[in-house]
Amino acid sequence: MPELPEVENICRMLREKIVGHVINKTLVHLPRIIRSGDINSINGRKFTDIYRRGKYICFELENDLMMYSHLRMTGTFLWKNDLSEAPTHIRIEFELDNGVLLYRDIRTFGGIWIIKDGSPPWKELGIDPFDSEFTVKGLRTLLGNRKQPVKQAILDQHLIAGLGNIYASEVLFTAGIHPLISSNSLEKPEIKRLHNAIMTVLSTAIEAGGTTFRDFQLSNGKSGAFQEFLKVYARNGKPCRICGKPIEKIVLGQRSTYFCTKCQK
DNA sequence: CTATAGACCTGACGGC
DNA sequence: TGCCGTCAGGTCTATA
């Protein structure tokens with residue numbers, strides 16, 4: 001499902017379409033997607049901004065009204081000028097004055113929160129890697145407090161918000177760090193490499209339009225391209241792009257984890 | 001506090 | 001063709 005780069009691309013695409021435009025009508029096909037608030041309270045309101053915090057999408061509307069969304073495994077927002085070719089698995093439709101915003105979600109794990117004058121739906125979301133306060137020193141402090149395997153630590157949204165299962169494996173490969181290494185045993189040079197890898201991998205993935213597996217679609221209905229550049233994720237048994245040794249797959253915290261035993265120590 | 005398994009869902013794929 | 005098990009980009013909750 002969407003991780004930081006995919007969510008960032010969705011926000012960028014939607015910003016051009018929805019900001020400054022009014023929601024005329026909302027159609028809810030699957031009510032349990034709405035986790036809190038009154039969905040109809042957004043009707044007649046204008047979107048004033050859209051941005052991202054970790055993997056959450058934050059839609060800002062007039063009158064201090066916020067709509068938040070988390071896409072979980074299979075959610076996405078699609079933009080259509082009209083519904084002549086309606087996609088499947090549409091759970092919520094937002095009719096704007098200039099087109100239609102669709103919330104699509106196959107497995108229906110995602111959610112939408114409508115919040116008026118209140119706090120966001122998350123509690124204790126970790127630092128976003130693109131926040132200027134995300135520094136090597138800060139990362140060292142975060143990881144120094146955990147003894148769990150570093151792969152699980154960087155997946156923990158309470159520490160860093162945005163990395164998911166694909167990019168966690170990719171980042172550790174780029175940093176040359178073994179996923180099972182205890183988080184608090186990392187030395188300063190490794191933390192620095194890890195910080196650098198997080199920024200490089202995420203930035204590159206964002207520019208590539210994110211990663212597309214199965215039928216994930218960006219808001220323009222298209223796929224990302226980063227799957228072509230993955231170095232370890234879902235490449236078990238295939239040769240490491242650096243040393244040629246077959247990529248290993250293990251299960252860590254019930255999540256598939258991929259790495260090269262030679263390049264990651 | 002940690003660590004683990006299960007739950008929430010739908011669909012694609014491989015094996016028999 | 002069909003049935004069954006496994007797996008999937010995430011996160012929350014219950015249990016030991």
Side-chain angles (χ1 to χ4, degrees), chain A residues 1-11 29-36 52-57 68-77 87-92 103-113 120-126 128-129 143 145-173 179-180 182-184 198 201-202 204-206 208-219 222-237 249-258:
Chain A
M1 135 54 227
E3 303 180 33
L4 188 152
E6 294 75 41
V7 175
E8 176 64 24
N9 269 279
I10 288 169
C11 284
H29 300 293
L30 187 62
R32 61 182 160 78
I33 295 292
I34 312 297
R35 306 297 185 88
S36 79
R52 178 190 65 67
R53 289 288 178 272
K55 300 174 193 170
Y56 282 89
I57 301 175
Y68 297 94
S69 180
H70 195 298
L71 308 174
R72 294 285 185 98
M73 290 293 265
T74 51
T76 194
F77 280 95
T88 58
H89 303 92
I90 299 307
R91 311 306 186 184
I92 318 277
Y103 178 71
R104 178 174 196 253
D105 195 341
I106 296 174
R107 293 172 71 184
T108 72
F109 291 164
I112 288 174
W113 294 258
W122 59 78
K123 63 176 179 97
E124 304 201 24
L125 193 61
D128 191 287
L143 298 181
N145 290 329
R146 298 293 186 103
K147 63 175 183 183
Q148 65 188 154
V150 63
K151 156 83 164 17
Q152 286 175 287
I154 63 174
L155 264 182
D156 186 340
Q157 305 297 300
H158 303 292
L159 297 182
I160 305 169
L163 289 177
N165 206 35
I166 295 178
Y167 297 107
S169 280
E170 291 298 310
V171 155
L172 290 174
F173 175 82
L180 291 176
S182 175
S183 181
N184 61 8
I198 290 172
V201 169
L202 291 181
T204 309
I206 288 170
T211 302
T212 293
F213 280 133
R214 291 169 283 280
D215 64 352
F216 175 74
Q217 295 179 330
L218 292 165
S219 300
K222 295 188 176 158
S223 296
F226 197 69
Q227 62 279 8
E228 295 164 31
F229 305 106
L230 293 174
K231 297 197 171 78
V232 289
Y233 185 82
R235 294 197 66 247
N236 48 106
K249 174 185 176 179
I250 59 170
V251 175
L252 226 193
Q254 303 183 95
R255 313 298 304 277
S256 294
T257 303
Y258 306 85

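Here the structure is a predicted model, which means the values were calculated and not measured. Just so we're on the same page: letters track the sequence lines, and every chain starts at 1.
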Partners passing ring-ring contact (aromatic ring centres under 6.0 Å, His included) against Y68(A) (at least two apart in sequence or in another chain)
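Y68(A): ring-ring contact (aromatic ring centres under 6.0 Å, His included) contacts with W122(A).
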
Sugar-phosphate, base or nothing in reach of S256(A), heavy atoms under 4.0 Å
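Contact class for S256(A): sugar-phosphate only.
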
When we call it a touch if two heavy atoms are under 4.0 Å apart, what does Y233(A) touch: a base, just sugar-phosphate, or nothing?
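Sugar-phosphate, no base atom in range.
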
Between the protein and nucleotides 11-14 of chain C, list every N/O to N/O distance that falls short of 3.5 Å.
from: dT11(C); atom 1: OP1; to: H70(A); atom 2: NE2; distance (Å): 2.8
from: dT11(C); atom 1: OP2; to: K55(A); atom 2: NZ; distance (Å): 2.9

Tell me, please, which residues at least two apart from R235(A) pass salt bridge (Lys or Arg N to Asp or Glu O under 4.0 Å).
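In terms of salt bridge (Lys or Arg N to Asp or Glu O under 4.0 Å), with neighbours along the sequence ignored, R235(A) is linked to no residue.
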
N/O donor to acceptor pairs below 3.5 angstrom from side-chain atoms of residues 161-172 of chain A, sequence neighbours left out:
from: N165(A); atom 1: OD1; to: K151(A); atom 2: NZ; distance (Å): 2.8
from: N165(A); atom 1: ND2; to: S256(A); atom 2: O; distance (Å): 3.1
from: Y167(A); atom 1: OH; to: E6(A); atom 2: OE2; distance (Å): 2.6
from: Y167(A); atom 1: OH; to: T211(A); atom 2: N; distance (Å): 3.4
from: Y167(A); atom 1: OH; to: T211(A); atom 2: OG1; distance (Å): 2.7
from: S169(A); atom 1: OG; to: Y258(A); atom 2: N; distance (Å): 3.2
from: E170(A); atom 1: OE1; to: K231(A); atom 2: N; distance (Å): 2.8
from: E170(A); atom 1: OE2; to: K231(A); atom 2: N; distance (Å): 3.3
from: E170(A); atom 1: OE2; to: V232(A); atom 2: N; distance (Å): 2.9
from: E170(A); atom 1: OE2; to: Y233(A); atom 2: N; distance (Å): 2.8

Among residues at least two apart in sequence or on other chains, which ones pass side chain to side chain donor-acceptor pair (under 3.5 Å) with [X]?
| X | answer |
| --- | --- |
| Q148(A) | R146(A) |
| H158(A) | none |
| T108(A) | R32(A) |
| D105(A) | T74(A), Y103(A) |

By side-chain contact (heavy atoms from CB on, under 4.5 Å) - contacts of S223(A) (at least two apart)
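For S223(A) the side-chain contact (heavy atoms from CB on, under 4.5 Å) partners, ignoring immediate neighbours, are T212(A).
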
Residues two or more places apart in sequence or in another chain: which of them pass side-chain contact (heavy atoms from CB on, under 4.5 Å) with N184(A)?
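Partners of N184(A) by the side-chain contact (heavy atoms from CB on, under 4.5 Å) criterion, ordered by chain and then number, come out as K147(A), S182(A).
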
What nucleotide, of dG10(C), dA8(C), dA3(B), holds the atom closest to the side chain of K249(A)?
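Of all the options, the side chain of K249(A) is nearest to dA8(C).
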
Tabulate protein N/O versus nucleotide N/O from nucleotides 10-14 of chain B, keeping only pairs under 3.5 Å, one per line.
from: dG11(B); atom 1: OP1; to: H89(A); atom 2: NE2; distance (Å): 2.8

Given that P149(A) and F109(A) both sit by DNA chain B, which one's nearest nucleotide is further toward the 5' end?
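With P149(A) and F109(A) compared, the 5'-side residue is P149(A).
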
Consecutive-pair stems (at least three Watson-Crick or G-U pairs, under 3.5 Å) that include DNA chain C
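B:2-8 with C:10-16, B:10-16 with C:2-8 - these are the stems of 3 or more pairs that involve DNA chain C.
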
How close do L202(A) and P5(A) get, heavy atom to heavy atom, and via which atoms?
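Smallest interatomic distance, heavy atoms only, reads CD2-CG, 3.8 Å.
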
